[in-house]
S.K.: 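After the structure tokens below, expect a handful of questions from me.
Owing to the predicted nature of the structure, the values given are computational and were not obtained by experimental measurement. Here is how names work: the chains are called A, B, and so on, in the same order as the sequence lines, proteins then strands, and each is numbered from 1. For the numbers below, each heavy atom of this structure counts, side chains included, while hydrogens, waters and symmetry mates do not.
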Protein chains: 2
Amino acid sequence: MKPEPASGAADEGELKLDAYLPYRLSVASNAVSGLIARAYQDRFGLTVPQWRLICVLAEDGGLTQGQLVARTVMDKVTVSRAAQGLLNRHLVARSEHQADGRSHVLALTPEGSGLHAEIAPLALAYEAALISGLAPEEVALLKRLLTRLQSAAGQLSGDPGSPTV
Amino acid sequence: MKPEPASGAADEGELKLDAYLPYRLSVASNAVSGLIARAYQDRFGLTVPQWRLICVLAEDGGLTQGQLVARTVMDKVTVSRAAQGLLNRHLVARSEHQADGRSHVLALTPEGSGLHAEIAPLALAYEAALISGLAPEEVALLKRLLTRLQSAAGQLSGDPGSPTV
DNA sequence: GGAAACTAGTTTCATATGATACGAGTTCGC
DNA sequence: GCGAACTCGTATCATATGAAACTAGTTTCC
């Protein structure tokens, strides 16, 4: 494969780790994820996957694990384990799926809803703190660019499960 | 803690996972990292930490592991293991550190340099493919914003090791 | 000069992750 | 109907990660 860095590549053919986008993305994401993960873990004993399930269930009501997998972009094993944890703490409840005996429908219990209501403001406060000092347009652009990258990565890896936006 | 989403928060007090920046960042980063990690692993048998060490050593010559830790933002255990792997494959060599008997100085061997020269173009091509379709200013802004987020996360977590740019 | 406090790097351990195999249920094709 | 092919969720395994303990070497300070 002939390398031909197209538009916008760092500085012309030079590979500098500090300027390398995948590296920068990973480092920034780790910093942010670590912060958030610690906060949820320390204060509420939740893992990030568990918190994501709670969020989605709070938004969308009763879903199967398969739907949660699609919705959260996490592995089905991760979702299974997170769901198990939440079940043990009675934050979500399972009910039989009408049409499919293999599947269950998950929904937040009142406790789960309560916890979500408690954490959500904190989560938003964290986001606000992270982007404080950025202009709203910058944040919007950032989100668009992230989606682009995700989609490009999906295309390159041949995976279909990526936004084609 | 009173939640008070400041400037630029998604849409007013609503928490939607899809619009939540830490989530978006994590998903995008995972997609990109996964792509890159698979490429290095499949074609060259390198892990991402190993590749990062190679990059930094190619840029900066002989460094101690401590310097590598600082330079790559990775854990010292991760660096230790990555270095071990590279040593086993004779891609880097160790020499005694003059002033400090605990430390060794790591540098690429000719083979290591050769591998770097082989991979670097591929790495740049990946980056180029990822950002193809983005304007150069957008890419530059993206990198700046990522640095900002990383730095903000560092501040919030009380860690010093973050760019104060 | 030598004990206490410190630092570089490794080892150990506990946990997290995802690929793979599996068990149970479903759908398709005949 | 009933077996083959498939899908949902779980269990198993192999690997990756980082926290904490540890070893060996260094600095500090009396």
S.K.: Do B/Val92 and B/Val77 share a hydrophobic cluster (ILVMFWY, side-chain heavy atoms under 4.5 Å, transitive)?
M.R.: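 No; B/Val77 is not reachable from B/Val92 via cluster members.
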
S.K.: How close do A/Leu130 and B/Pro22 get, heavy atom to heavy atom, and via which atoms?
M.R.: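 Smallest interatomic distance, heavy atoms only, reads CD1-CG, 4.2 Å.
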
S.K.: Under 3.5 Å, is there a donor on one side chain and an acceptor on the other for B/Arg52 and B/Thr78?
M.R.: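 Side-chain D/A pair, B/Arg52 to B/Thr78: absent.
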
S.K.: Tell me: CG of B/Asp75 to P of C/dC13, nearest whole Å?
M.R.: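 Roughly 18 Å, once rounded to whole Å.
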
S.K.: May I have the distance from A/Gln65 (atom CD) to C/dG25 (atom C1'), rounded to whole angstrom?
M.R.: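 Roughly 15 Å, once rounded to whole Å.
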
S.K.: Strictly by ring-ring contact (aromatic ring centres under 6.0 Å, His included), give each pair with a member in residues 99-129 of chain B just once, sequence neighbours left out.
M.R.: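 As it turns out, the ring-ring contact (aromatic ring centres under 6.0 Å, His included) pairs with a partner in residues 99-129 of chain B, which skip direct neighbours, are B/Trp51-B/His116.
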
S.K.: Might you point out which heavy atoms bring A/Arg24 and B/Lys143 nearest each other, and give the distance in Å?
M.R.: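 Taking A/Arg24 first and B/Lys143 second, the nearest heavy atoms are NH2-O, 3.1 Å.
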
S.K.: Would you mind telling me which residue lines up with the more 5' stretch of DNA chain D, A/Gly66 or A/Asn30, judged by nearest nucleotide?
M.R.: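 First, find each residue's nearest nucleotide; the 5'-ward one identifies A/Gly66.
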
S.K.: Which nucleotide span of DNA chain D, 5' end to 3' end, has atoms closer than 4.0 Å to non-hydrogen atoms of chain B?
M.R.: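 It runs D/dT17 to D/dT26.
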
S.K.: When you measure from the side chain of A/Thr109 to the backbone of A/His90, do you find a donor-acceptor pair of N or O atoms at a distance under 3.5 Å?
M.R.: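 Answer holds: yes.
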
S.K.: Checking B/Ser33 side chain against B/Ser29 main chain: does a donor-acceptor pair fall under 3.5 Å?
M.R.: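 Judged by distance alone, yes, a pair lies under 3.5 Å.
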
S.K.: Describe the nucleic acid contact of B/Thr64 in one word from base, sugar-phosphate, nothing, applying a heavy-atom distance below 4.0 Å.
M.R.: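 Counting heavy atoms under 4.0 Å across all strands, the contact made by B/Thr64 is with sugar-phosphate only.
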
S.K.: Return the residues of residues 85-102 of chain A meeting this criterion: a heavy atom under 4.0 Å from some atom of DNA chain D. Order them by number, or give none.
M.R.: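 A/Arg94, A/Arg102 - these, ordered by number, are the residues of the stretch whose heavy atoms sit under 4.0 Å from the strand.
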
S.K.: Please say yes or no: joined through hydrophobic side-chain contacts below 4.5 Å, possibly via intermediate residues, are B/Leu87 and B/Phe44 part of one cluster?
M.R.: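 Yes; tracing contacts between hydrophobic side chains, which count when under 4.5 Å, links both residues.
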
